[in-house]
Amino acid sequence: MTTTKRKPRPPLTITISENAAEHVKEFASKAGKPNADLRVAVKGGGCSGLTYVLDLVEGPEEDDKTIEQLGIKLHVPKKSYVFLAGTMLDYSSGLNGKGFVFNNPNAKTTCGCGTSFGV
Amino acid sequence: MITSNTCDPPKFYVSIEQDYCTLTKEVAVAYGTKFGRFWISGKDALDLLNRISTQQIDNLKQNEVSFTVQTTNKGRIIDFLTVINLGDRLLIFTALEAKERVMESIDFFSFDDDVRLHDCTAETQIHQLMGHKAPIKIMSVLEDESNVPDLFTAKEIIINNEKIIIIRTDRAKIPTYEILSTYPSKVIDSKIKSMKIPFVGTEALEILRIEAGVPAYGSELSEKFNPIEAGLFNSISFEKGCYVGQEVVARLNTYDKVKRELIRLNWSEPGIQKGDIIFSKDKEIGEVTSCVMKMNRSYIGLGYITRNSNLDVIKIGLNKVSANTLKI
């Protein structure tokens, strides 16, 4: 009998890197909302069919799933969660541009600007 | 009198020449039976349309009208949309045949948006008041100058307890007011009748459209073509960022990769049909997408050709009829 090793599945949660968490706190502070949470969602549209949406919010909306990491509360709408499970939110300040980066294992295609993806 | 709000009106009322003359020199009414229309309400309506079509419309103000193109993820045309912002809801005009496809596509992308769609095609009708004297005549139809919208704006008014929406679009490059009313409309029908404004048939409208180089759904607008080829530059924002099909449309424009262009044609022999091949010195360069007889032995049409083709000697169809071309 032969056995094949299964590729480990990404965790079905959403994580945030230390760099991204620091930038969320910085943006919240600059926006005059130092205690704000982050809402991470997906909407239809954009180059690849689905678009990431980030918002500073005061709390969760009805049906949001909340994840707390590195001092940041992430609120994710249930309908978006299926597209975001396993995603690691990072922040890039490299030569290709500054901004939040979604490392999303569900994304089969992404657009050049990084805000849109397809599954 | 047409008894349905979606059935085809006659090709002409008096004669094609007379209809065309009335349209271009006076004022006339046409039934807007080729339009599909629906409402979009909900707080995300404009934002959603902005994410799935070519024009920057998320900043469209109340009573403003804009034109946008819904494209596939490959940047091909689904349909050309007229978007009217009435504040609490949007009114969308599509081609009648494309309405279901457009609504399905909007519904598909709206899974997490506050958006509601309502098809109002069967319960409404559209009259188009067209012609150079339309801006004067519309004042009498609407009873008050303050009811008349400026170009690319809309007004929502009530006459005799009937809600009416008037939009000025000039879509065939002559003054045009589109009047949306409930179906059947006692007010608009009786006003047109009492003011004796003549009706025009579909052929004169087609002549006007082709002369203006305006692409139509099913002929120049389909998934075979992209909005740049169709010459819809005024309905595309190259700065707005992501929308479905944006990367393809932006790449075609940035790297000048557009292969075809829409041109106007005229010729004087009968027998040319939609789909006939366009030749440049015996080399196939494109095909006729629309054609109509303007008057005896004078025909006009639209066609897509390969860009930068030699247009010195153009022939069309099996009989290689000589034609002249005009850029749009």
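Proteins come first, then strands; the chains are lettered A, B, ... in the order of their sequence lines, and each starts at number 1.
In this structure, no portion of Asn50(B) lies under 4.5 Å from any heavy atom of chain A. Residue contact with chain A, scored on non-hydrogen atoms closer than 4.5 Å, involves the backbone and the side chain of Phe111(B) alike.
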Determine whether Phe117(A) and Phe102(A) satisfy the following criterion, ring pair (Phe, Tyr, Trp, His ring centres under 6.0 Å), listing intermediate values before the conclusion.
CA-CA 10 Å; Phe117(A) 69 103; Phe102(A) 291 82; 8.0 Å; no
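Ion pair Asp150(B)/Arg168(B) not flagged as a salt bridge, since none of the NZ, NE, NH1 or NH2 atoms sits closer than 4.0 Å to an Asp/Glu carboxylate oxygen. A salt bridge is absent between Asp88(B) and Lys43(B): the closest approach of a Lys/Arg side-chain nitrogen to an acidic carboxylate oxygen does not fall below 4.0 angstrom.
Contact count against chain A (heavy-atom pairs under 4.5 Å) is highest for Asp112(B) among Asp113(B), Val249(B), Asp112(B).
In this structure, Lys65(A) forms a cation-pi arrangement with Tyr81(A), its terminal cationic atom sitting closer than 6.0 Å to the ring centre and no more than 45° off the ring axis.
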